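In what follows, every chain begins at residue 1, and chains take the letters A, B, ... in the order their sequences are listed. Fair warning: this is a prediction, and the values are worked out from it, not measured in the lab.
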Amino acid sequence: MSALLLLPTVDPAEPLLDAASPLWLTLLKSVAVFGITMTLVPLLVLAERRVSAWMQYRVGPNRVGIGGSLQPMADLVKMLFKEELKPDGVPAFLFTAAPAIAAITALSMMAVVPFGGTLEIAGRSIPLVVADVDIGVLAVLALSSIGVYGITLGGWASNSKYSLLGGLRSSAQMISYELTLGIALLSVLVAASGPEFGSFKLSELIARQAESGIWNCFKLPLGFVLFTIAAFAETNRLPFDLPEAEPELVGGYHTEYSSMRFGLFFLGEYAAMVAGSAVIVCLFLGGWHFPYLTKEVAVGWGGALTQVAVFLAKVLAFLFFFIHVRWTLPRLRYDQLMNFGWKWMLPLSLLNLLFAGIGAALGWF
Amino acid sequence: MVPQAWYLLLSALLFGLGIAGFVARRNTLVMFMSVELMLNAANVVFLAAARDHVPARGSACALFVIAVAAAEVAVGLALVLALFRLRKSVQADEVRELRA
Amino acid sequence: MLSETTAFLLFSAIALVGAVNVVTRRNPVHAALWLVGAFLGVAGLFLTLGAGLLGAIQVMVYAGAIMVLFLFVILLLNLDTTPFEGLSIARGASLLATAATVALIAFPFARARELRAAAVPDEPELPATAGNIASILFHQYALPFEVVSLLLLIAMVGAIHLARRPRRDEPT
């Protein structure tokens, strides 16, 4: 007991976050990241509609703007001007908060994603990431687990049985696949660790891949596949979009949502796709690294922009894959989803972790 | 630095609220939530007490508490489900078969 | 900038308000959500204590897994607002006993400022980074660590057994 009563030291003026970079720089970077994400979302919506049309041999929306390029703007205007319907007897605060949670958590995930290495300019070295926190990947996991609430609460607060079922399904699905996600992530951390190295920072995980020149998807192919599948489930994309399965549950958790509240759910889903792709690119596809194209420390704007361009190109390619899968695979049945998650994904991810552990111990990586 | 005493007081309050919820509420789910609150208060004490001298060890202990809490919740919720299946209710005071 | 004291006050206010509402809300869904708020507040306190890893784990495990499980069960059972439970004499007495207990705990805590450490370990201070925590967990606390993993396994088996619907042919 005596060990508990230690002598405290009082210094109330000490700042909580020691500012490695000045506030204005962080703000600037936040605005840039937010801007990039919010630009990618409408692009993605457009791409989704055009790609699906292309895959199904139809035309798709091509009226607004050149070749339909302004369709997302038209959608946005439509959503802003629609009436905000609220069903009777719903808790107003939660009903509004749910889509906000979904959107905010997805957008905040981008804060720990490094868009490039370090920019050396004007005697200052600027890491191209908003918050290069020590717990990087854990923050991503934490935010994605908070994101579940948006959907679950949206389902509950709608006061409708279809919404509730959608919300229930999503919470069960996300808990199940988060396990695989976490363990696949763990295998990356284990493979990247050594006697004197080990980090949760996404930037350092990328630097490690850039150093060896071999991306993690080649070192841990099984982990890459598992993580990608789990990411699909976490973002509620086909073939795992059971929370909103139209034939059975109408609109699922967003049945009762309309106007901008629905818009926020929509934004959250696409932002989660962007964030998920960005994290996958960082963890498995080398982030900003591309052989012969990028250097570790980007000197001047040229190097930095190359890195950011490489990174964004990879993210866009992966997003295209997301869309392609959605319009290729049929939806799983609910029991199939659960069986697949618990009887295949989880044991395989454990196997992959074992492989990563043995590999790290024997120095394969 | 915030004095450790503040953290300890806060944790005492949280713990007290946890006990209060546990004894005053009869909904088994809320009772479980109160237990979680108490475990969290314990974690605050671990980390606050360890802050100046053995921070890593305090974190390790808190980690154990979190793991035990997770185990407790899994079993507890399964019990609540079983109870609901038998009684169609989760009120603790409606389970009194063994009362003379 | 956000000073540590402000952060402490902010997070402890969140935790306390959340905790009070957990105990007083009659709708279990609301109680669960307030508890999520309280957990996030406590996670913030962990950050002010320099235990960032624990803060992240707190959010992941408590807010992200445990409370989602709670919500899942509440929604599954479709529980509604419980009737007012009333305060019997016995319950009032137990609340009084609670207050006394808290006072007993809080009193030495409040005086901790004046007390000196009786036992400061002679080993060097290690900051609570993931690496340091891991080396403690896997060396000094290796046995408890294994025991906890066993405990989790047992809990998992037990939970599955308890929550499983009994088959038709087997006695309940």
Trainee: Go through the atoms of Val44(B) and report whether side chain, backbone, both or neither lie under 4.5 Å from a heavy atom of chain C.
Mentor: both

Trainee: Could you tell me which portion of Phe70(C) (side chain, backbone, both or neither) has an atom closer than 4.5 angstrom to a non-hydrogen atom of chain B?
Mentor: both

Trainee: As an exercise: rank Ile66(B), Leu81(B), Leu13(B) by heavy-atom pairs under 4.5 Å with chain C and give me the winner.
Mentor: Ile66(B)

Trainee: Pick one of side chain, backbone, both or neither for Phe22(B), based on which atoms fall under 4.5 Å of a heavy atom in chain C.
Mentor: neither

Trainee: What part of Val73(B) gets within 4.5 angstrom of chain C, counting heavy atoms only: side chain, backbone, both, or neither?
Mentor: side chain

Trainee: What part of Glu72(B) gets closer than 4.5 Å to chain C, counting heavy atoms only: side chain, backbone, both or neither?
Mentor: neither

Trainee: When heavy-atom pairs shorter than 4.5 Å are enumerated against chain C, which of Leu86(B), Leu79(B), Leu37(B), Leu77(B) gives the highest number?
Mentor: Leu77(B)

Trainee: Checking Gln58(C) against Asn40(B): is there a side-chain donor and acceptor pair closer than 3.5 Å?
Mentor: yes

Trainee: Before we go on, tell me: are the rings of Phe11(C) and Phe46(C) under 6.0 Å apart, centre to centre?
Mentor: no

Trainee: Select one option (side chain, backbone, both, neither) describing which atoms of Val20(C) are under 4.5 Å from chain B's heavy atoms.
Mentor: both

Trainee: Regarding Thr48(C) and Tyr7(B), do their side chains bring together a donor and an acceptor under 3.5 Å, going by distance alone?
Mentor: yes

Trainee: With a 4.5 angstrom heavy-atom cut-off, could you sort out which part of Phe72(C) is near chain B: side chain, backbone, both or neither?
Mentor: neither

Trainee: By a 4.5 Å heavy-atom criterion (distance strictly below it), what part of Ser135(C) contacts chain B: side chain, backbone, both, or neither?
Mentor: neither

Trainee: Side chain, backbone, both or neither: which part of Leu16(C) has a non-hydrogen atom closer than 4.5 Å to chain B?
Mentor: both

